[in-house]
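Bear in mind the structure is a predicted one, so any value in this text is a computation, not a measurement.
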Amino acid sequence: MVYFEQFVNSVILITDITVYGEGNATTITVDNGSLQMYADILPPDATNQTVFWSVVDGTETATIDQNGLLQATCTPAGNGTVWAKAEAK
């Protein structure tokens, strides 16, 4: 009975997240444009599949909502680089 309880109550943690853009896009090609980002989670049967999105600024800035929609912010500096990041909690 103890073994069964442990099996039923076990938590499967996320071990890997792969982030990619819609259509495998890696760039936003228009000023103030957007790109839908997605996260593939491993293992696929992880107990909690929620990811938290954030942006790591590079040579420019952008925002991302919790649905993974990356939005370029138009600045006087012009085009640049950012990284979309998905983390498991």
### Task
Can you spot which of V82, T61, T63 makes a side chain to side chain contact (heavy atoms under 4.5 Å, CB included) with V55?
V82

### Task
Please lay out, stage by stage, how L69 and N67 fare under the test side chain to side chain contact (heavy atoms under 4.5 Å, CB included).
CA-CA 6 Å; L69 184 62; N67 295 313; 5.5 Å; no

## Note on the structure
In terms of heavy-atom contacts, A46 and I14 come closest through CB-CG1, 3.7 Å

### Query
Can you find a pair of side-chain heavy atoms, one from T50 and one from N48, that are under 4.5 Å apart?
yes

### Task
Measure across E87 and S54 and return the closest heavy-atom pair with its distance rounded to 0.1 Å.
OE1-OG, 4.5 Å

### Query
Are any side-chain N or O atoms of E22 and backbone N or O atoms of Y38, one a donor and one an acceptor, separated by less than 3.5 Å?
no

### Summary
Note: E60 and T73 closest approach over all heavy atoms is OE1-O, 4.3 Å

### Task
Determine the minimum heavy-atom distance between I17 and A39, stating which atoms define it.
CG2-CB, 3.8 Å

### Message
Contact between W53 and L70 at the side-chain level, heavy atoms closer than 4.5 Å - yes or no?
### Response
no

### Message
To the closest 0.5 Å, what do you measure between OG1 (T27) and CG (L35)?
### Response
7.5 Å

### Query
Can you name the closest pair of heavy atoms from A84 and V19 and give their distance?
O-CG1, 4.1 Å

### Task
Spell out, as yes or no, whether a donor-acceptor pair under 3.5 Å connects the side chain of T15 to the backbone of L42.
yes

### Summary
Value for CG (D65) from CD (Q36), rounded to nearest 0.5 Å, stands at 7.0 Å

### Query
Pick from D45, I41, T47: which one makes a side chain to side chain contact (heavy atoms under 4.5 Å, CB included) with P43?
D45

